[in-house]
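One structure below.
Letters go in sequence order (proteins before strands), and every chain restarts at 1. For the numbers below, each heavy atom of this structure counts, side chains included, while hydrogens, waters and symmetry mates do not.
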Amino acid sequence: MIRTKDIFKSFDEKEVLKGITTEFYKGKTNLIIGRSGAGKTVLLKLLVGLLQPTSGEVWYDDTNFFSLNKKEVRAIRMQVGMLFQASALFDSMTVEENIRFPLDMFTNMTYKEKRKQVDSCLERVSLSGVNDSFPSEISGGMQKRVGIARAIVLNPRYLFCDEPNSGLDPKTSIVIDELILDITKEKNITTVINTHDMNSVMEIGENIILLYQGEIAWRGHRGEVLESDNEILQDFIFASPFLQRLRESALGK
Amino acid sequence: MFLKNILYHFGRYVMMLGTAISRPEKVSMYYKETMRQMNDIGIGSLFIVGLIAIFIGAVTAVQFSYQLDGTLVPVYYIGYVVRDMTIIELAPTFTCLVLAGKVGSNIASEIGGMRQKEHIDAMEIMGVNTAAYLIMPKVIAALVVIPMLVAVGAFISIIGGYLASVPTGVMADADYIKGLRSFFDPFNVTMMFIKAVVFAFILTTVSCYQGYHVRGGSIELGQASTNAVVFSDILILVADYLLAVILTS
Ligand SMILES: Nc1ncnc2c1ncn2[C@@H]1O[C@H](COP(=O)(O)OP(=O)(O)OP(=O)(O)O)[C@@H](O)[C@H]1O
Ligand SMILES: [Mg+2]
């Protein structure tokens, strides 16, 4: 489980996060939702220490993350997998080398064992047989899946995904969402996902926080979305007139 | 303001090097990367270093013989002057200034590109000490290979001097060789290697620093790569002066 306590973050004059206190549960897909620019990426980067908060705390189970020294931070990070918004695959390495990189760096496995582990991760994301392609040679959706494979190759306890389905068609998005959900259940890990995709919210939103103007405007799970009368939430999820009519008919209005 | 800026960058530079000096997560990965860098820096620069060296030697010989014209200084001094000029000053300084342009800009844009494409963040998340993994192999490779390049450069310069003076009839083959063998002080070679090591350290670490802390987009990346060359060059020249004062006093 990961907890944040009263996180504030500003860049120069600009306040992006104003007091975020929340929990991300183990074995669940925890969603951070909000409009573009709401501060989702900033919050995610704070959770993993790529950014420092102006004030506030992040706890990994019983460990206060920002009180750790560099070595201890690295020890925590060995248990963290992250999928970046733009995938961040190493573009001069092949798919296999990308996924193998954490194994090369941190394990003493033989080449054969690593190869087996890479193949099983690739299979896990339904991408067998692209081992020798370069990231530039595969599609965006495939890159995301390679990113996921790389993130889970060391069997992390915490998985962070920054917009895993931005730029993908709805069908592929759902495949990726389900993949992340399955992995979360299978390995019983704490997964935090940034998204502004309403399908994801409805499909995999087990614990949702909605960021709005730097604060948490709503929290709940997917079952509560439809019924909620929180205007900011409704405005965000059912953004178009079409979706609003859909909601009304679903509610039997 | 200017001073504050210098102190800010110097502090960040020292901190980066502090983080970079640590036990490798996996020696074999660092070893592999070091070998790759040695190949890139060493073999990759051999041609340009050789080309420059041969002209440095040739020009030194031609110009010195022009200066000697009509004086009482014996002609074999040309060999002596070419040897010492290149060993003490021209080979290390010229080679490293050129390498700052070639290797330095390359390092800055490679690391800077990785920073901008979030590759460095991705490695950090895995638990890699990126300052160490990205910087240490480059510095070690440069410290090993650049002195070798400088030595090769000095040797080729001396051949350049020979080619410019013997076949053209300025002096006899035996005179040039006599010059090369006169007044030899082995400390000059030590001085050459000290300079080469110091310059190599400057040009790799400054370039790594520029790349590692790049922000923004392709314009900033271009600037980082230019800054890597400009600041390496300035610092190499300053260090050259300081070393000259220290080592010859
Ligand atoms: N390094 C930075 N320096 C200054 N401002 C920043 C920086 N990073 C983010 N911001 C600001 O913080 C705000 C939140 O950005 P963030 O990237 O978290 O948005 P987001 O919710 O992830 O949006 P999107 O859905 O488009 O990815 C933005 O207004 C952005 O301008
Ligand atoms: Mg974002």
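- Within a 6.0 Å sphere centred on CE of A:M109, heavy atoms belonging to other residues, nucleotides or ligands number more than 12.
- Neither the backbone nor the side chain of A:I76 has a heavy atom closer than 4.5 Å to any heavy atom of chain B.
- The shortest distance between side-chain heavy atoms of B:V128 and A:F101 falls below 4.5 Å.
- If you measure heavy-atom distances from A:F106 to chain B, the contacts under 4.5 Å come from the side chain alone.
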Tell me which donor-acceptor pairs, judged by distance alone and kept under 3.5 Å, run between chain B and chain A, one pair per line.
{"residue": "B:T19", "atom": "OG1", "partner": "A:K70", "partner atom": "NZ", "Å": "3.3"}
{"residue": "B:K26", "atom": "NZ", "partner": "A:D104", "partner atom": "O", "Å": "3.0"}
{"residue": "B:K26", "atom": "NZ", "partner": "A:T107", "partner atom": "O", "Å": "2.6"}
{"residue": "B:K117", "atom": "NZ", "partner": "A:D91", "partner atom": "OD2", "Å": "2.7"}
{"residue": "B:E118", "atom": "OE2", "partner": "A:K45", "partner atom": "NZ", "Å": "3.1"}
{"residue": "B:H119", "atom": "NE2", "partner": "A:L89", "partner atom": "O", "Å": "2.8"}
{"residue": "B:E124", "atom": "OE1", "partner": "A:R77", "partner atom": "NH1", "Å": "3.0"}

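- Open room surrounds CD1 on B:I219; 12 or fewer heavy atoms of other groups in view lie less than 6.0 Å from it.
- The salt bridge (charged side-chain N to carboxylate O under 4.0 Å, His left out) analysis of residues 144-153 of chain B, with sequence neighbours excluded, yields no pairs.
- For B:Y241, the OH atom sits in a loose shell: 12 or fewer heavy atoms of surrounding residues, nucleotides or ligands are nearer than 6.0 Å.
- Contacts of B:M29 with chain A are made by side-chain atoms alone, with heavy-atom separations under 4.5 Å and no backbone atom involved.
- Annotation: B:F155, atom CZ; neighbour count of heavy atoms from other residues, nucleotides and ligands within 6.0 Å does not exceed 12.
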